[in-house]
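Sequence lines set the chain letters: A, B, ... in the order given, protein chains first and strands last, and positions in each chain run from 1. What you are looking at is a predicted structure, and each value in this text was computed from that prediction instead of being measured.
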Amino acid sequence: MVEIQLGPISPTLLEPIAVKVSVLNGKIIDVNLKADYVYRKIEDLARGRNVFSLLPLVERVCGICSFAHITPYCQAVEHICSFEISEYAKLTRVILAELERIQSHLLYLFEVATHIRERYSYSIKILKIREEILKLLEKIGGKRIHSGMNIIGGVRCNINTKMKRIIREKLDIITPKIKKLWEIEHNLSKKEGIGVLSREMAKSIAVGPTARASGVDFDVRRDMPYAAYDKLDLDVKVRTEGDVKARACLHLEETLESINLIRRALDFLPNFNEKFVLPRIVSGEAKSYVEAPRGKNEYYVRLNESGNIEKLEIKTPTYHNINIMRDILLGQNIEDLEIILVSIDPCLSCACRVFSGSK
Amino acid sequence: MRKKKWGIRLLHINVGSCNGCDVEVLSLAIFGYEFVDDSPDVIVICGSVNNQTKPVLKQLLDRNRRVPKVAVGTCAISARVFNCENVEPVDDFTDVDMYVFGCPPSPIEIRNGIEKVVRGSYTWLKFS
(Lines give C-alpha, C1' and ligand atoms only; values in the text may rest on other atoms or scores of the structure.)
Protein backbone atom coordinates (compact mmCIF):
# COMPACT_ATOMS: atom_id res chain seq x y z
CA MET A 1 0.00 0.00 0.00
CA VAL A 2 1.30 3.45 -0.97
CA GLU A 3 0.14 6.81 0.35
CA ILE A 4 -0.05 9.66 -2.15
CA GLN A 5 -0.84 13.26 -1.33
CA LEU A 6 -2.13 15.78 -3.85
CA GLY A 7 -1.98 19.44 -2.91
CA PRO A 8 -2.70 21.63 -0.99
CA ILE A 9 -1.05 23.81 -3.67
CA SER A 10 -0.94 22.11 -7.03
CA PRO A 11 -0.68 23.63 -10.53
CA THR A 12 -3.65 21.58 -11.69
CA LEU A 13 -6.00 22.82 -8.97
CA LEU A 14 -7.39 26.32 -8.67
CA GLU A 15 -7.96 26.18 -4.93
CA PRO A 16 -6.01 24.72 -2.00
CA ILE A 17 -7.26 21.23 -1.22
CA ALA A 18 -5.27 18.35 0.22
CA VAL A 19 -6.26 14.86 -0.89
CA LYS A 20 -4.43 11.97 0.76
CA VAL A 21 -5.15 8.63 -0.87
CA SER A 22 -4.01 5.10 -0.06
CA VAL A 23 -3.34 3.04 -3.17
CA LEU A 24 -3.20 -0.74 -3.51
CA ASN A 25 -2.46 -2.28 -6.93
CA GLY A 26 -3.24 1.02 -8.67
CA LYS A 27 -6.68 1.32 -7.05
CA ILE A 28 -7.72 3.89 -4.48
CA ILE A 29 -8.72 2.17 -1.24
CA ASP A 30 -8.87 5.07 1.20
CA VAL A 31 -9.42 8.82 0.84
CA ASN A 32 -8.65 11.61 3.29
CA LEU A 33 -9.79 15.08 2.37
CA LYS A 34 -8.77 18.40 3.91
CA ALA A 35 -10.60 21.27 2.27
CA ASP A 36 -10.79 24.06 4.86
CA TYR A 37 -7.76 26.09 3.76
CA VAL A 38 -9.62 29.14 2.50
CA TYR A 39 -11.58 29.81 5.69
CA ARG A 40 -12.40 33.54 5.92
CA LYS A 41 -14.84 33.95 8.83
CA ILE A 42 -17.56 35.53 6.68
CA GLU A 43 -20.51 34.70 8.93
CA ASP A 44 -18.65 36.08 11.96
CA LEU A 45 -17.79 39.28 10.10
CA ALA A 46 -21.43 39.75 9.07
CA ARG A 47 -22.85 39.80 12.59
CA GLY A 48 -24.04 43.21 13.79
CA ARG A 49 -23.48 44.99 10.50
CA ASN A 50 -25.85 47.11 8.49
CA VAL A 51 -27.71 45.25 5.71
CA PHE A 52 -26.52 47.62 2.99
CA SER A 53 -22.87 47.72 4.08
CA LEU A 54 -22.78 43.93 3.94
CA LEU A 55 -23.36 43.77 0.18
CA PRO A 56 -19.63 43.87 -0.83
CA LEU A 57 -18.78 41.13 1.69
CA VAL A 58 -21.58 38.77 0.62
CA GLU A 59 -20.60 39.27 -3.00
CA ARG A 60 -17.04 38.20 -2.18
CA VAL A 61 -17.99 34.78 -0.80
CA CYS A 62 -17.08 33.43 -4.23
CA GLY A 63 -15.39 35.00 -7.21
CA ILE A 64 -16.77 32.62 -9.81
CA CYS A 65 -20.44 32.76 -8.82
CA SER A 66 -20.67 36.09 -6.97
CA PHE A 67 -24.05 36.91 -8.49
CA ALA A 68 -25.50 33.66 -7.16
CA HIS A 69 -24.58 34.81 -3.64
CA ILE A 70 -25.77 38.39 -3.76
CA THR A 71 -29.17 37.42 -5.26
CA PRO A 72 -30.44 35.18 -2.40
CA TYR A 73 -29.19 37.70 0.17
CA CYS A 74 -31.10 40.53 -1.52
CA GLN A 75 -34.16 38.32 -1.95
CA ALA A 76 -34.18 37.39 1.73
CA VAL A 77 -33.92 41.03 2.88
CA GLU A 78 -36.59 42.08 0.37
CA HIS A 79 -38.84 39.32 1.70
CA ILE A 80 -38.37 40.51 5.30
CA CYS A 81 -39.31 44.06 4.28
CA SER A 82 -42.17 42.74 2.07
CA PHE A 83 -40.79 44.73 -0.82
CA GLU A 84 -41.71 43.77 -4.40
CA ILE A 85 -39.01 44.48 -6.98
CA SER A 86 -39.92 45.68 -10.46
CA GLU A 87 -40.39 43.51 -13.53
CA TYR A 88 -37.26 45.02 -15.06
CA ALA A 89 -35.16 44.08 -12.02
CA LYS A 90 -36.49 40.51 -12.01
CA LEU A 91 -35.66 39.91 -15.66
CA THR A 92 -32.26 41.61 -15.39
CA ARG A 93 -31.38 39.33 -12.47
CA VAL A 94 -32.18 36.35 -14.70
CA ILE A 95 -30.01 37.67 -17.54
CA LEU A 96 -27.02 38.39 -15.29
CA ALA A 97 -27.34 35.09 -13.42
CA GLU A 98 -27.43 33.14 -16.68
CA LEU A 99 -24.42 35.00 -18.09
CA GLU A 100 -22.57 34.07 -14.93
CA ARG A 101 -23.67 30.46 -15.27
CA ILE A 102 -22.27 30.34 -18.80
CA GLN A 103 -18.83 31.60 -17.72
CA SER A 104 -18.77 29.29 -14.69
CA HIS A 105 -19.69 26.23 -16.79
CA LEU A 106 -17.05 27.17 -19.36
CA LEU A 107 -14.47 27.37 -16.58
CA TYR A 108 -15.56 23.89 -15.48
CA LEU A 109 -15.18 22.56 -19.01
CA PHE A 110 -11.72 24.16 -19.18
CA GLU A 111 -10.66 22.38 -16.00
CA VAL A 112 -11.96 19.04 -17.26
CA ALA A 113 -10.31 19.57 -20.65
CA THR A 114 -6.92 20.35 -19.09
CA HIS A 115 -7.08 17.09 -17.16
CA ILE A 116 -7.65 15.02 -20.30
CA ARG A 117 -4.27 16.42 -21.44
CA GLU A 118 -4.92 15.46 -25.03
CA ARG A 119 -5.21 18.77 -26.78
CA TYR A 120 -3.86 21.96 -25.28
CA SER A 121 -5.44 24.20 -27.92
CA TYR A 122 -8.90 22.85 -27.11
CA SER A 123 -8.78 24.08 -23.50
CA ILE A 124 -7.43 27.49 -24.54
CA LYS A 125 -10.35 27.77 -26.97
CA ILE A 126 -12.75 27.41 -24.04
CA LEU A 127 -10.94 30.13 -22.07
CA LYS A 128 -11.21 32.51 -25.01
CA ILE A 129 -15.00 32.00 -25.22
CA ARG A 130 -15.22 32.64 -21.48
CA GLU A 131 -13.23 35.84 -21.95
CA GLU A 132 -15.90 37.12 -24.36
CA ILE A 133 -18.63 36.56 -21.76
CA LEU A 134 -16.58 38.42 -19.16
CA LYS A 135 -16.11 41.30 -21.60
CA LEU A 136 -19.87 41.42 -22.09
CA LEU A 137 -20.39 41.52 -18.30
CA GLU A 138 -17.86 44.36 -18.13
CA LYS A 139 -19.80 46.24 -20.78
CA ILE A 140 -23.07 45.84 -18.87
CA GLY A 141 -21.88 46.50 -15.33
CA GLY A 142 -18.43 48.08 -15.62
CA LYS A 143 -16.51 45.22 -14.03
CA ARG A 144 -15.66 41.66 -14.98
CA ILE A 145 -16.14 40.00 -11.60
CA HIS A 146 -17.83 41.37 -8.44
CA SER A 147 -19.62 44.04 -10.44
CA GLY A 148 -22.04 44.98 -7.64
CA MET A 149 -24.96 45.22 -10.05
CA ASN A 150 -27.43 43.60 -7.67
CA ILE A 151 -28.57 45.60 -4.65
CA ILE A 152 -31.40 45.42 -2.14
CA GLY A 153 -34.47 46.73 -3.93
CA GLY A 154 -33.47 46.08 -7.52
CA VAL A 155 -30.55 46.19 -9.93
CA ARG A 156 -28.14 48.98 -10.75
CA CYS A 157 -27.52 48.53 -14.46
CA ASN A 158 -29.35 49.89 -17.46
CA ILE A 159 -30.02 47.39 -20.24
CA ASN A 160 -31.45 49.65 -22.94
CA THR A 161 -32.23 48.91 -26.60
CA LYS A 162 -28.60 49.36 -27.62
CA MET A 163 -27.32 47.05 -24.86
CA LYS A 164 -29.96 44.46 -25.81
CA ARG A 165 -28.61 44.48 -29.34
CA ILE A 166 -25.03 44.10 -28.11
CA ILE A 167 -25.98 41.11 -25.92
CA ARG A 168 -27.91 39.43 -28.76
CA GLU A 169 -25.00 39.93 -31.19
CA LYS A 170 -22.51 38.52 -28.69
CA LEU A 171 -24.72 35.48 -28.06
CA ASP A 172 -24.98 34.92 -31.82
CA ILE A 173 -21.18 34.92 -32.02
CA ILE A 174 -20.53 32.53 -29.13
CA THR A 175 -23.34 30.00 -29.74
CA PRO A 176 -21.67 28.25 -32.73
CA LYS A 177 -18.36 28.36 -30.85
CA ILE A 178 -19.88 26.58 -27.86
CA LYS A 179 -21.60 24.05 -30.12
CA LYS A 180 -18.19 23.17 -31.54
CA LEU A 181 -17.09 22.18 -28.02
CA TRP A 182 -19.17 19.00 -28.33
CA GLU A 183 -15.95 17.26 -29.34
CA ILE A 184 -15.32 16.95 -25.60
CA GLU A 185 -17.77 14.05 -25.75
CA HIS A 186 -15.36 12.23 -28.05
CA ASN A 187 -12.30 13.21 -25.99
CA LEU A 188 -13.94 11.92 -22.83
CA SER A 189 -14.98 8.59 -24.32
CA LYS A 190 -12.03 6.93 -22.54
CA LYS A 191 -13.37 8.15 -19.22
CA GLU A 192 -16.75 6.47 -19.59
CA GLY A 193 -17.92 4.71 -16.45
CA ILE A 194 -15.41 6.51 -14.23
CA GLY A 195 -16.41 8.18 -10.98
CA VAL A 196 -20.00 6.97 -11.07
CA LEU A 197 -22.41 8.52 -8.58
CA SER A 198 -25.46 6.35 -7.95
CA ARG A 199 -28.96 7.82 -8.22
CA GLU A 200 -29.85 7.04 -4.59
CA MET A 201 -26.81 8.85 -3.27
CA ALA A 202 -27.32 11.76 -5.66
CA LYS A 203 -30.90 12.11 -4.47
CA SER A 204 -29.98 12.14 -0.78
CA ILE A 205 -26.78 14.24 -0.85
CA ALA A 206 -25.84 15.93 -4.11
CA VAL A 207 -27.34 19.07 -5.66
CA GLY A 208 -27.15 20.88 -8.98
CA PRO A 209 -25.59 19.54 -12.18
CA THR A 210 -23.82 16.79 -10.22
CA ALA A 211 -27.17 15.37 -9.11
CA ARG A 212 -28.83 16.00 -12.48
CA ALA A 213 -26.13 13.97 -14.23
CA SER A 214 -27.18 11.02 -12.06
CA GLY A 215 -30.87 11.22 -12.97
CA VAL A 216 -32.26 13.51 -10.25
CA ASP A 217 -34.76 15.81 -11.95
CA PHE A 218 -34.55 18.84 -9.66
CA ASP A 219 -33.78 22.44 -10.48
CA VAL A 220 -34.52 25.37 -8.16
CA ARG A 221 -35.20 27.58 -11.17
CA ARG A 222 -38.14 25.38 -12.18
CA ASP A 223 -39.34 23.79 -8.92
CA MET A 224 -39.00 26.76 -6.54
CA PRO A 225 -39.02 29.67 -9.01
CA TYR A 226 -37.56 33.03 -8.01
CA ALA A 227 -36.97 36.29 -9.92
CA ALA A 228 -38.67 35.88 -13.33
CA TYR A 229 -37.97 32.18 -13.90
CA ASP A 230 -41.66 31.22 -13.64
CA LYS A 231 -42.33 33.18 -16.85
CA LEU A 232 -39.54 31.64 -18.91
CA ASP A 233 -40.25 27.97 -19.46
CA LEU A 234 -37.01 26.26 -18.57
CA ASP A 235 -35.95 22.96 -20.09
CA VAL A 236 -34.13 21.09 -17.33
CA LYS A 237 -31.50 18.74 -18.73
CA VAL A 238 -31.09 15.38 -17.02
CA ARG A 239 -28.67 12.53 -17.68
CA THR A 240 -28.73 9.09 -16.12
CA GLU A 241 -25.18 7.72 -16.43
CA GLY A 242 -23.71 9.70 -13.51
CA ASP A 243 -20.07 9.41 -14.61
CA VAL A 244 -17.42 12.01 -15.49
CA LYS A 245 -18.49 12.17 -19.12
CA ALA A 246 -22.17 12.65 -18.26
CA ARG A 247 -21.33 15.53 -15.93
CA ALA A 248 -19.20 17.29 -18.54
CA CYS A 249 -21.83 16.85 -21.27
CA LEU A 250 -24.59 18.07 -18.96
CA HIS A 251 -22.64 21.26 -18.26
CA LEU A 252 -22.36 21.86 -21.99
CA GLU A 253 -26.10 21.29 -22.50
CA GLU A 254 -26.92 23.67 -19.66
CA THR A 255 -24.68 26.32 -21.17
CA LEU A 256 -26.66 26.20 -24.41
CA GLU A 257 -29.95 26.24 -22.47
CA SER A 258 -28.77 29.35 -20.58
CA ILE A 259 -28.20 31.14 -23.89
CA ASN A 260 -31.81 30.34 -24.88
CA LEU A 261 -33.03 31.64 -21.50
CA ILE A 262 -31.20 34.94 -21.96
CA ARG A 263 -32.72 35.36 -25.42
CA ARG A 264 -36.22 34.73 -24.02
CA ALA A 265 -35.65 37.09 -21.10
CA LEU A 266 -34.44 39.84 -23.47
CA ASP A 267 -37.73 39.54 -25.39
CA PHE A 268 -39.74 40.21 -22.22
CA LEU A 269 -37.44 42.92 -20.83
CA PRO A 270 -39.21 46.32 -20.56
CA ASN A 271 -37.35 49.62 -20.86
CA PHE A 272 -35.73 51.02 -17.75
CA ASN A 273 -37.89 53.96 -16.70
CA GLU A 274 -38.93 53.48 -13.08
CA LYS A 275 -37.70 55.49 -10.10
CA PHE A 276 -35.51 53.55 -7.73
CA VAL A 277 -36.88 53.19 -4.18
CA LEU A 278 -34.96 51.73 -1.25
CA PRO A 279 -37.01 49.42 1.01
CA ARG A 280 -37.61 50.35 4.66
CA ILE A 281 -35.68 47.84 6.75
CA VAL A 282 -37.66 46.11 9.52
CA SER A 283 -36.83 43.21 11.84
CA GLY A 284 -37.62 39.63 10.90
CA GLU A 285 -36.17 36.51 9.35
CA ALA A 286 -36.29 34.90 5.93
CA LYS A 287 -34.82 32.07 3.91
CA SER A 288 -34.06 32.26 0.22
CA TYR A 289 -32.90 29.82 -2.44
CA VAL A 290 -31.31 30.22 -5.83
CA GLU A 291 -29.83 27.84 -8.36
CA ALA A 292 -26.16 28.77 -8.41
CA PRO A 293 -24.00 27.39 -11.26
CA ARG A 294 -23.11 24.49 -8.93
CA GLY A 295 -26.55 23.82 -7.45
CA LYS A 296 -28.93 24.94 -4.75
CA ASN A 297 -27.65 27.93 -2.75
CA GLU A 298 -29.43 28.66 0.51
CA TYR A 299 -29.36 31.88 2.54
CA TYR A 300 -30.89 32.52 5.93
CA VAL A 301 -31.01 36.13 7.18
CA ARG A 302 -32.26 37.39 10.57
CA LEU A 303 -32.48 41.14 11.23
CA ASN A 304 -32.86 42.83 14.63
CA GLU A 305 -34.95 45.90 15.52
CA SER A 306 -32.35 48.42 14.39
CA GLY A 307 -32.09 46.77 10.97
CA ASN A 308 -28.71 45.13 11.51
CA ILE A 309 -27.76 41.53 10.78
CA GLU A 310 -28.29 39.24 13.75
CA LYS A 311 -27.54 36.03 11.90
CA LEU A 312 -26.43 35.16 8.39
CA GLU A 313 -26.32 31.52 7.38
CA ILE A 314 -24.98 30.37 4.03
CA LYS A 315 -25.33 26.84 2.68
CA THR A 316 -23.58 26.56 -0.64
CA PRO A 317 -23.80 23.69 -3.17
CA THR A 318 -20.26 22.44 -2.56
CA TYR A 319 -21.15 22.06 1.11
CA HIS A 320 -23.38 19.16 -0.04
CA ASN A 321 -21.36 17.94 -2.99
CA ILE A 322 -18.02 17.56 -1.21
CA ASN A 323 -19.55 14.70 0.83
CA ILE A 324 -19.84 12.41 -2.18
CA MET A 325 -16.13 12.79 -3.01
CA ARG A 326 -15.00 9.80 -0.93
CA ASP A 327 -17.62 7.46 -2.35
CA ILE A 328 -16.94 8.24 -6.00
CA LEU A 329 -13.16 8.01 -5.51
CA LEU A 330 -13.07 4.61 -3.80
CA GLY A 331 -12.11 1.76 -6.12
CA GLN A 332 -11.02 4.02 -9.01
CA ASN A 333 -7.64 4.04 -10.74
CA ILE A 334 -5.11 6.45 -9.26
CA GLU A 335 -4.53 8.24 -12.60
CA ASP A 336 -8.17 9.32 -12.65
CA LEU A 337 -7.92 11.04 -9.25
CA GLU A 338 -7.66 14.59 -10.56
CA ILE A 339 -10.36 14.39 -13.21
CA ILE A 340 -12.85 12.91 -10.73
CA LEU A 341 -11.91 15.63 -8.26
CA VAL A 342 -12.71 18.46 -10.68
CA SER A 343 -15.68 16.66 -12.26
CA ILE A 344 -18.04 17.53 -9.37
CA ASP A 345 -17.00 21.18 -9.79
CA PRO A 346 -15.93 21.89 -6.19
CA CYS A 347 -15.88 25.54 -5.19
CA LEU A 348 -14.10 25.49 -1.86
CA SER A 349 -14.08 29.22 -1.27
CA CYS A 350 -17.89 28.98 -1.14
CA ALA A 351 -17.93 25.96 1.10
CA CYS A 352 -15.23 26.81 3.61
CA ARG A 353 -16.54 29.83 5.39
CA VAL A 354 -18.20 27.71 8.04
CA PHE A 355 -15.51 25.21 9.01
CA SER A 356 -13.64 25.82 12.26
CA GLY A 357 -10.61 28.05 11.89
CA SER A 358 -8.56 26.69 14.78
CA LYS A 359 -5.53 24.57 14.24
CA MET B 1 -3.12 38.27 -29.80
CA ARG B 2 0.48 37.62 -30.79
CA LYS B 3 1.32 34.02 -31.52
CA LYS B 4 4.56 34.18 -29.54
CA LYS B 5 4.73 31.94 -26.50
CA TRP B 6 6.00 33.90 -23.52
CA GLY B 7 6.83 30.80 -21.60
CA ILE B 8 6.96 32.29 -18.10
CA ARG B 9 6.77 29.57 -15.47
CA LEU B 10 4.36 30.62 -12.78
CA LEU B 11 3.70 29.21 -9.31
CA HIS B 12 0.22 30.24 -8.29
CA ILE B 13 -0.51 30.13 -4.55
CA ASN B 14 -4.05 30.67 -3.31
CA VAL B 15 -3.80 31.51 0.40
CA GLY B 16 -7.46 32.17 1.11
CA SER B 17 -8.91 34.24 -1.68
CA CYS B 18 -12.44 34.19 -3.07
CA ASN B 19 -11.41 32.67 -6.46
CA GLY B 20 -11.89 35.99 -8.21
CA CYS B 21 -8.16 36.68 -8.56
CA ASP B 22 -7.45 33.00 -9.21
CA VAL B 23 -9.65 32.77 -12.28
CA GLU B 24 -8.05 35.96 -13.61
CA VAL B 25 -4.58 34.48 -13.05
CA LEU B 26 -5.80 31.33 -14.80
CA SER B 27 -6.75 33.45 -17.83
CA LEU B 28 -3.01 34.10 -18.30
CA ALA B 29 -2.89 30.65 -19.92
CA ILE B 30 -4.13 32.48 -23.03
CA PHE B 31 -0.76 34.29 -23.14
CA GLY B 32 1.11 30.99 -22.95
CA TYR B 33 2.00 31.08 -19.27
CA GLU B 34 2.88 27.73 -17.73
CA PHE B 35 1.56 26.68 -14.34
CA VAL B 36 4.20 24.68 -12.45
CA ASP B 37 4.98 23.59 -8.92
CA ASP B 38 8.80 23.55 -8.99
CA SER B 39 11.54 25.96 -10.19
CA PRO B 40 9.20 28.81 -11.15
CA ASP B 41 10.20 32.19 -12.64
CA VAL B 42 7.71 34.05 -10.48
CA ILE B 43 5.41 33.35 -7.53
CA VAL B 44 1.89 34.80 -7.69
CA ILE B 45 0.13 35.04 -4.31
CA CYS B 46 -3.64 35.66 -4.15
CA GLY B 47 -5.72 36.29 -1.05
CA SER B 48 -5.07 37.04 2.59
CA VAL B 49 -3.16 34.58 4.76
CA ASN B 50 -5.11 32.71 7.43
CA ASN B 51 -4.10 30.20 10.09
CA GLN B 52 -4.36 27.14 7.87
CA THR B 53 -2.49 28.46 4.84
CA LYS B 54 0.33 30.06 6.88
CA PRO B 55 2.41 26.85 7.15
CA VAL B 56 1.71 25.98 3.51
CA LEU B 57 2.90 29.37 2.28
CA LYS B 58 5.97 29.27 4.54
CA GLN B 59 6.96 25.88 3.20
CA LEU B 60 6.57 26.94 -0.43
CA LEU B 61 8.47 30.22 0.07
CA ASP B 62 11.34 28.43 1.83
CA ARG B 63 11.64 26.12 -1.13
CA ASN B 64 11.82 29.04 -3.63
CA ARG B 65 13.86 31.69 -1.78
CA ARG B 66 15.20 33.83 -4.62
CA VAL B 67 12.10 33.83 -6.78
CA PRO B 68 10.34 37.23 -7.16
CA LYS B 69 6.90 37.45 -5.59
CA VAL B 70 3.84 39.23 -6.96
CA ALA B 71 0.86 39.92 -4.67
CA VAL B 72 -2.33 39.96 -6.73
CA GLY B 73 -5.53 41.60 -5.53
CA THR B 74 -6.59 43.85 -2.68
CA CYS B 75 -6.89 40.92 -0.23
CA ALA B 76 -3.18 40.18 -0.60
CA ILE B 77 -2.34 43.86 -0.07
CA SER B 78 -4.65 44.81 2.81
CA ALA B 79 -7.08 41.89 3.46
CA ARG B 80 -9.90 44.32 2.58
CA VAL B 81 -13.37 42.97 3.46
CA PHE B 82 -11.96 39.94 5.26
CA ASN B 83 -9.91 42.09 7.63
CA CYS B 84 -10.12 40.52 11.10
CA GLU B 85 -7.89 38.76 13.60
CA ASN B 86 -6.02 35.70 12.27
CA VAL B 87 -6.45 36.97 8.70
CA GLU B 88 -3.53 39.08 7.55
CA PRO B 89 -2.19 40.53 4.29
CA VAL B 90 0.68 38.80 2.51
CA ASP B 91 3.32 41.45 3.17
CA ASP B 92 2.99 41.01 6.94
CA PHE B 93 4.46 37.64 6.25
CA THR B 94 6.99 38.01 3.44
CA ASP B 95 8.65 40.62 1.22
CA VAL B 96 6.73 41.26 -1.98
CA ASP B 97 8.34 42.64 -5.17
CA MET B 98 5.19 43.83 -6.93
CA TYR B 99 1.64 44.64 -5.91
CA VAL B 100 -1.17 44.39 -8.45
CA PHE B 101 -4.15 46.33 -7.17
CA GLY B 102 -7.78 45.56 -7.99
CA CYS B 103 -10.68 43.45 -6.78
CA PRO B 104 -9.95 41.47 -8.88
CA PRO B 105 -7.38 43.01 -11.26
CA SER B 106 -7.83 42.20 -14.94
CA PRO B 107 -5.51 39.61 -16.57
CA ILE B 108 -3.76 42.42 -18.49
CA GLU B 109 -2.82 44.18 -15.26
CA ILE B 110 -1.58 40.95 -13.69
CA ARG B 111 0.45 40.19 -16.81
CA ASN B 112 2.01 43.65 -16.79
CA GLY B 113 3.00 43.24 -13.15
CA ILE B 114 4.57 39.85 -13.77
CA GLU B 115 6.41 41.01 -16.90
CA LYS B 116 7.79 44.02 -15.07
CA VAL B 117 9.20 41.80 -12.31
CA VAL B 118 10.54 39.02 -14.52
CA ARG B 119 11.76 40.93 -17.58
CA GLY B 120 12.17 44.45 -16.19
CA SER B 121 9.75 45.93 -18.72
CA TYR B 122 6.52 45.15 -20.46
CA THR B 123 4.76 45.81 -23.73
CA TRP B 124 1.08 46.66 -23.68
CA LEU B 125 -1.00 43.78 -25.04
CA LYS B 126 -4.69 43.44 -25.75
CA PHE B 127 -6.92 40.39 -25.68
CA SER B 128 -7.85 39.44 -29.20
Side-chain angles (χ1 to χ4, degrees), chain A residues 7-18 34 36-42 44-45 53-54 56-66 69 103-104 107 110-111 114 120 123-125 127-128 130-132 134-135 138 143-146 148 347-350 352-353 355-359, chain B residues 1 9-38 40 43 45-57 59-60 63 73-75 79-87 102-108 127-128:
Chain A
I9 304 290
S10 158
T12 52
L13 299 170
L14 196 63
E15 293 164 289
I17 178 170
K34 181 169 163 53
D36 62 339
Y37 284 102
V38 280
Y39 169 75
R40 278 161 297 143
K41 255 188 178 177
I42 286 172
D44 275 5
L45 284 170
S53 73
L54 200 66
L57 178 63
V58 173
E59 200 170 32
R60 278 158 184 81
V61 173
C62 179
I64 306 171
C65 48
S66 77
H69 282 276
Q103 64 95 358
S104 173
L107 186 72
F110 167 78
E111 294 217 350
T114 47
Y120 176 74
S123 50
I124 296 297
K125 215 193 287 172
L127 264 194
K128 281 183 180 168
R130 182 173 172 271
E131 207 58 48
E132 290 190 23
L134 287 175
K135 267 186 189 167
E138 193 176 14
K143 208 149 174 274
R144 292 156 63 93
I145 297 166
H146 301 323
C347 180
L348 302 167
S349 81
C350 292
C352 302
R353 339 140 317 275
F355 294 165
S356 90
S358 58
K359 198 200 164 181
Chain B
M1 196 188 119
R9 293 160 63 83
L10 187 147
L11 172 60
H12 167 225
I13 309 174
N14 176 347
V15 283
S17 88
C18 73
N19 276 353
C21 299
D22 305 279
V23 288
E24 299 291 57
V25 170
L26 194 77
S27 300
L28 292 175
I30 297 176
F31 295 125
Y33 279 60
E34 273 181 77
F35 291 84
V36 294
D37 53 356
D38 60 331
I43 296 176
I45 308 170
C46 305
S48 39
V49 188
N50 60 22
N51 278 353
Q52 285 101 314
T53 46
K54 213 177 267 182
V56 179
L57 181 63
Q59 189 194 354
L60 281 164
R63 215 189 290 162
T74 317
C75 287
R80 208 191 176 195
V81 284
F82 307 122
N83 203 346
C84 61
E85 52 171 338
N86 301 335
V87 174
C103 187
S106 76
I108 293 287
F127 271 116
S128 59

Rounded to the nearest 0.5 Å, what separates atom [atom1] in [X] from atom [atom2] in [Y]?
{"X": "A:I42", "Y": "B:F82", "atom1": "CD1", "atom2": "CZ", "value": "4.5 Å"}
{"X": "B:D22", "Y": "A:L13", "atom1": "CG", "atom2": "CG", "value": "11.5 Å"}
{"X": "A:I124", "Y": "B:F31", "atom1": "CD1", "atom2": "CZ", "value": "11.0 Å"}
{"X": "A:I9", "Y": "B:L11", "atom1": "CD1", "atom2": "CG", "value": "8.0 Å"}
{"X": "A:L127", "Y": "B:L28", "atom1": "CG", "atom2": "CG", "value": "10.0 Å"}

Flag the pair [X] / [Y] as yes when at least one side-chain heavy-atom distance between them is below 4.5 Å, and no otherwise.
{"X": "B:C103", "Y": "A:R60", "result": "yes"}
{"X": "A:L45", "Y": "B:C84", "result": "yes"}
{"X": "B:C18", "Y": "A:H146", "result": "yes"}
{"X": "A:L134", "Y": "B:E24", "result": "yes"}
{"X": "A:L14", "Y": "B:V23", "result": "yes"}
{"X": "A:R144", "Y": "B:P105", "result": "no"}

Requested in this report: Indicate yes or no for a side-chain donor-acceptor contact from A:E131 to the backbone of B:S27 under 3.5 Å, with no hydrogens or angles considered.
Outcome: no
**Report entry** Contacts of A:S10 that satisfy side chain to side chain donor-acceptor pair (under 3.5 Å) - sequence neighbours left out
**Finding:** A:T12
Per-residue contact mode, [X] against chain A (heavy atom under 4.5 angstrom):
{"X": "B:C46", "answer": "neither"}
{"X": "B:S17", "answer": "backbone"}
{"X": "B:V36", "answer": "backbone"}
{"X": "B:L60", "answer": "side chain"}
{"X": "B:E34", "answer": "neither"}

Query raised in the report: In chain order, what residues pass the side-chain contact (heavy atoms from CB on, under 4.5 Å) check against B:T53, with sequence neighbours excluded?
Result: A:Y37, B:V15, B:V49, B:N50
Query raised in the report: Where does A:L107 contact chain B at under 4.5 Å (heavy atoms): side chain, backbone, both or neither?
Result: side chain
Report task. Check each of A:I64, A:V61, A:L348 against B:N19 using the side chain to side chain contact (heavy atoms under 4.5 Å, CB included) test, and report the only one that passes. Result -> A:I64
Query raised in the report: What residue, out of B:L26, B:V25, B:N83, B:I13, has the most heavy-atom pairs lying under 4.5 Å from chain A?
Result: B:L26
